[in-house]
Trainee: 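Mind having a look at this structure? Questions to follow.
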Amino acid sequence: MKYEESLLIFLTLFIIIFIVDYFFINKRKLKLLNNNGTTKKGKKKKVKNISEIDYLVAKFKLDKRKLNKENMILWISIINSFIISIVSSVIIMFPFKIMWQLLIAFVLLFGLIYSLYEIYGSYLKRKEDKK
């Protein structure tokens, strides 16, 4: 019964964190995408880039003009929310000392970031090559 209880708590925590993170991340990224570079008074404002898109374009040599940025932001938000929710849920469930939790979180965080963005970037590259 204890394992089932722990699994239920983990899944509940994961889902709550995932949903909250997804909406915050997606809202922020869409706001950056819709920013047209001017303020209300007509002054030019520095256009901010989305670092994840810049990373994927540079690493996989993608054509930035051919990319569907709204679709990319959706998937980037899902990936980032998944990473944050997995790492935080795993760390909360382990009753280790704080140093071990930070070490596990660090390894898990960078492993997930690298692997998931590698998978997504190779998917985008294959999709671009088909066109």
Side-chain angles (χ1 to χ4, degrees):
M1 185 68 177
K2 184 171 173 112
Y3 294 115
E4 294 158 352
E5 215 172 89
S6 297
L7 183 62
L8 184 62
I9 291 170
F10 176 80
L11 289 176
T12 306
L13 186 62
F14 172 80
I15 290 170
I16 291 169
I17 293 171
F18 181 83
I19 291 171
V20 170
D21 283 342
Y22 173 75
F23 286 114
F24 281 129
I25 291 170
N26 195 25
K27 183 178 177 185
R28 192 177 123 247
K29 299 288 183 192
L30 284 174
K31 186 176 179 181
L32 282 175
L33 180 67
N34 294 332
N35 182 10
N36 62 2
T38 58
T39 61
K40 290 181 182 178
K41 296 179 182 178
K43 295 180 182 177
K44 288 249 179 192
K45 165 165 107 164
K46 184 178 178 183
V47 177
K48 297 179 182 177
N49 291 331
I50 299 171
S51 59
E52 291 92 341
I53 292 176
D54 292 340
Y55 168 76
L56 290 169
V57 167
K59 179 158 173 67
F60 294 98
K61 297 173 181 50
L62 300 169
D63 186 7
K64 202 170 189 176
R65 292 171 287 160
K66 292 181 182 178
L67 297 174
N68 182 356
K69 290 184 181 158
E70 289 182 10
N71 193 21
M72 282 185 73
I73 288 177
L74 171 76
W75 282 103
I76 287 170
S77 299
I78 290 172
I79 290 170
N80 287 343
S81 299
F82 181 78
I83 291 169
I84 292 169
S85 57
I86 282 289
V87 171
S88 58
S89 297
V90 167
I91 294 308
I92 289 172
M93 294 301 292
F94 285 131
F96 296 138
K97 292 184 178 180
I98 191 74
M99 285 304 293
W100 287 109
Q101 285 181 335
L102 290 174
L103 183 64
I104 292 168
F106 184 76
V107 170
L108 196 58
L109 180 71
F110 281 99
L112 284 171
I113 288 172
Y114 179 77
S115 61
L116 292 177
Y117 276 104
E118 192 72 26
I119 292 168
Y120 185 56
S122 61
Y123 166 76
L124 288 174
K125 185 65 175 173
R126 277 195 316 259
K127 190 174 171 183
E128 184 180 271
D129 290 342
K130 285 183 181 179
K131 288 183 181 180

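Heads up: numbering here begins at 1 and tracks the sequence.
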Trainee: Taking atom CZ of Phe60 and atom NZ of Lys125, what is their separation to the nearest 0.5 Å?
Mentor: 9.5 Å
Trainee: What is the distance from atom CD1 of Ile73 to atom CZ of Arg28, rounded to the nearest 0.5 Å?
Mentor: 10.5 Å
Trainee: Run through the side-chain heavy atoms of Ile, Leu, Val, Met, Phe, Trp and Tyr, join any pair under 4.5 Å, and report what else lands in Ile84's cluster.
Mentor: Leu13, Ile17, Ile25, Ile92
Trainee: Quick check on Phe24: does its CZ atom have over 12 non-hydrogen neighbours (other residues, nucleotides or ligands) under 6.0 Å away?
Mentor: no
Trainee: Measuring from Tyr55:OH to Ile76:CD1, what's the distance to the nearest 0.5 Å?
Mentor: 11.5 Å
Trainee: Would you say the side chain of Phe96 lies within less than 4.5 Å of the side chain of Ile91, judging by non-hydrogen atoms?
Mentor: no
Trainee: At what distance, to the nearest 0.5 angstrom, does NZ of Lys29 lie from CD1 of Ile53?
Mentor: 8.0 Å
Trainee: How long is the span from the OG atom in Ser85 to the CG atom in Asn80, to the nearest 0.5 Å?
Mentor: 10.5 Å
Trainee: Quick one: do Leu109 and Val20 end up in the same hydrophobic cluster if we chain Ile, Leu, Val, Met, Phe, Trp and Tyr together by side-chain heavy atoms under 4.5 Å apart?
Mentor: no
Trainee: Please tell me whether Leu108 and Leu103 are part of a single hydrophobic cluster in this structure, the criterion being side-chain heavy atoms less than 4.5 Å apart.
Mentor: yes
Trainee: Report yes if the side chains of Ile50 and Lys69 come closer than 4.5 Å at any heavy-atom pair, otherwise no.
Mentor: no
Trainee: Between atom CZ of Phe23 and atom CZ of Phe18, what is the distance when rounded to the nearest 0.5 Å?
Mentor: 9.5 Å
Trainee: Given side chains that start at C-beta, do those of Leu56 and Met72 come closer than 4.5 Å, heavy atoms only?
Mentor: yes
Trainee: Between the main-chain N or O of Ile119 and the side-chain N or O of Ser122, is there a donor-acceptor pair closer than 3.5 Å?
Mentor: yes
Trainee: Step through the shown structure and confirm whether more than 12 heavy atoms of other residues, nucleotides or ligands are within 6.0 Å of CD on Glu70.
Mentor: no
Trainee: Count the heavy atoms belonging to other residues, nucleotides or ligands that lie under 6.0 Å from NZ of Lys64, then report whether that count exceeds 12.
Mentor: yes
Trainee: Side chains of Phe82 and Asp21: closer than 4.5 Å at any heavy-atom pair?
Mentor: no
Trainee: Are Ile83 and Tyr123 connected in the hydrophobic side-chain network, where two residues link if heavy atoms are under 4.5 Å apart?
Mentor: yes
Trainee: Is there a path from Leu7 to Val90 through hydrophobic residues (I, L, V, M, F, W, Y) whose side chains come within less than 4.5 Å of each other?
Mentor: yes
Trainee: Please enumerate all residues that pass ring-ring contact (aromatic ring centres under 6.0 Å, His included) together with Phe106, with sequence neighbours excluded.
Mentor: Phe110
Trainee: Taking Val107 as the starting point, is it possible to reach Phe94 by hopping between hydrophobic residues whose side chains are less than 4.5 Å apart?
Mentor: no
